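Report on one structure; see the data block that follows.
Remember, it's 1-based here, ligands and their atoms both numbered in the order they're listed. None of these values were measured; they are calculated from a predicted model.
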Amino acid sequence: MTAVLTLNQKRLYEQAKSIQDKDKLIVVVKNDAYNFGMDLAFDAFYAAGVRGFATTNLKEAIELRKKSNQIMILLLDPSTEFDLIRQHNITLTVPNLSFYTQYRNELEGIQIQLVFKNLLNRFGFEKASEMITVLDDNHMTVTGIWTHFAFADELSDLRYDQEKANWVQILDSLSSYVENLTYIHAQNSASYIRDGLLDQHTHLRAGVFAYGTRPYIEGLDTGCAKQTIKVSATVKDIIQISKGQSAGYSAAFVAKKDTTLAICDIGYGNGILRSRAKHEVMINGHFYPIAVMMMSHLLIEVDDGVKTGDKVYLYNDYLRLDDFAAKGVGAFSEQMAGLNHQTFDIQIIPLE
Ligand SMILES: Cc1ncc(COP(=O)(O)O)c(C=O)c1O
């Protein structure tokens, strides 16, 4: 028995549907759908009624187009691969006025969306007047405008109010154009949960929440987002070490008392973050601390209740990615991105 990564496609579908049934979702599927796996994720999201997909990667965008002609695929980052973009009917984000000026001829015939820079200070137009230059150009096919809030996840940071106000001002300045646009979107998961879909917006543009994870945990129960993955491994052996004895490379663990250690077949080589080792695992419904994480093994401080062959959970409904994110293990995307699928037995809980 090796380490097991369980991908709950059914829950992914249910989570996406619970959002999509209320408000239209553009789901962010970058980095192989947050490392859930694009094929499984796409089928779940599509079955849930989602028809908007966003990624930063042109290769992923092209793969998505092969799956369906019925979806809008937004490339969030700029690209100059205009022929490929046109050929696969990808919607391209135009990042600023100088990009538009430089590539105006190449952009003809491509669906584009304009991004407002706002406080994130990544790509983006600086002012409404610059966006109007493009919106007024009859040779451009502008289907939408968007921005990204940099502070929505920080509940006590007032700059979220500021970036919302900046964006509302942009929408006001573009009011005569807004009604002709199919896509007006700004909100990530946190912003959507905090405020619902903002006025004039056609879609939210979510990642974490769509994948069954809470973007923050204050005031939210686990029922609003049912975790869509599990990670488990197996106790391969039980050993006893005496007080003062060490275990692991370079005596990574030194026993403060006589200790029972369970040796389990998972480690950072599977892509588990090292910071995850500061927190407990679950065996037979009880929590136990990790003594040492190695590349392919965990040493876990256990008691008599644990025996060889028992299942060890690192992530399940009680060991949640969002709780670990709040404890500083790493963002949801960091914990997910690391998981090395090739090192796991993959178990899928399918749509039906
Ligand atoms: C441009 C953009 N929009 C939306 C999202 C989704 O954010 P969240 O996962 O917080 O919902 C991301 C995530 O990185 C993003 O970069």
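Just one residue in the list Lys24, His203, Gln113 forms a side chain to side chain donor-acceptor pair (under 3.5 Å) with His185, and that residue is Gln113. Each of Lys226, Arg11, Lys230 was scored for a salt bridge (charged side-chain N to carboxylate O under 4.0 Å, His left out) with Asp317, with one residue passing: Arg11.
Under 4.0 Å from ligand 1, not a single heavy atom of Phe123 appears.
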Checking ring pair (Phe, Tyr, Trp, His ring centres under 6.0 Å) for the pair Tyr34/Phe332: CA distance, chi angles, key distance, verdict? CA-CA 9 Å; Tyr34 284 56; Phe332 160 74; 5.7 Å; yes
Using the side chain to side chain contact (heavy atoms under 4.5 Å, CB included) rule, take Leu298 and Leu314 through it: C-alpha gap first, then chi angles, then the decisive distance, then the call. CA-CA 11 Å; Leu298 285 185; Leu314 282 86; 4.1 Å; yes
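The protein heavy atom nearest to atom 6 (C) of ligand 1 is Gly207 N, 3.5 Å. Considering only non-hydrogen protein atoms, atom 11 (O) of ligand 1 sits nearest to Ser189 OG, 2.5 Å. Shortest contact from atom 9 (O) of ligand 1 to any protein heavy atom: Val208 N, 2.9 Å. In this structure, atom 3 (N) of ligand 1 lies nearest to the protein heavy atom Arg205 NE, 2.8 Å. The protein heavy-atom contact nearest to atom 2 (C) of ligand 1 is His148 CE1, 3.4 Å.
Counting atoms of ligand 1 from 1 in the listed order, those under 4.0 Å from a heavy atom of Val28 are 4 (C), 5 (C), 6 (C). Within ligand 1, the atoms closer than 4.0 Å to a non-hydrogen atom of Trp146 are 1 (C), numbered from 1 in the order shown. Those atoms of ligand 1 with a heavy atom of Ala206 less than 4.0 angstrom away are 11 (O). In the vicinity of Arg122, heavy-atom distances shorter than 4.0 Å reach the ligand 1 atoms 1 (C), 16 (O). Contact atoms of ligand 1 toward Asn188: 7 (O), 8 (P), 10 (O), 11 (O) (distance under 4.0 Å to a heavy atom of the residue). For ligand 1, the atoms lying closer than 4.0 Å to a non-hydrogen atom of Lys30 are 13 (C), 14 (O), 15 (C), 16 (O).
Aromatic ring centres of Phe42 and Phe36: separated by at least 6.0 Å. Taking the centre of each ring, Phe324 and Tyr315 come in below the 6.0 Å mark.
Annotation for Asp195 and Tyr160: closest pair OD2-OH, 2.6 Å, computed over non-hydrogen atoms.
In this structure, the side chain of Arg274 does not engage the main chain of Ala277 through any donor-acceptor pair within 3.5 Å.
Distances shorter than 4.0 angstrom do not occur between any heavy atom of Tyr192 and any atom of ligand 1.
The salt bridge (Lys or Arg N to Asp or Glu O under 4.0 Å) analysis of residues 114-125, with sequence neighbours excluded, yields the pairs Lys117-Glu126.
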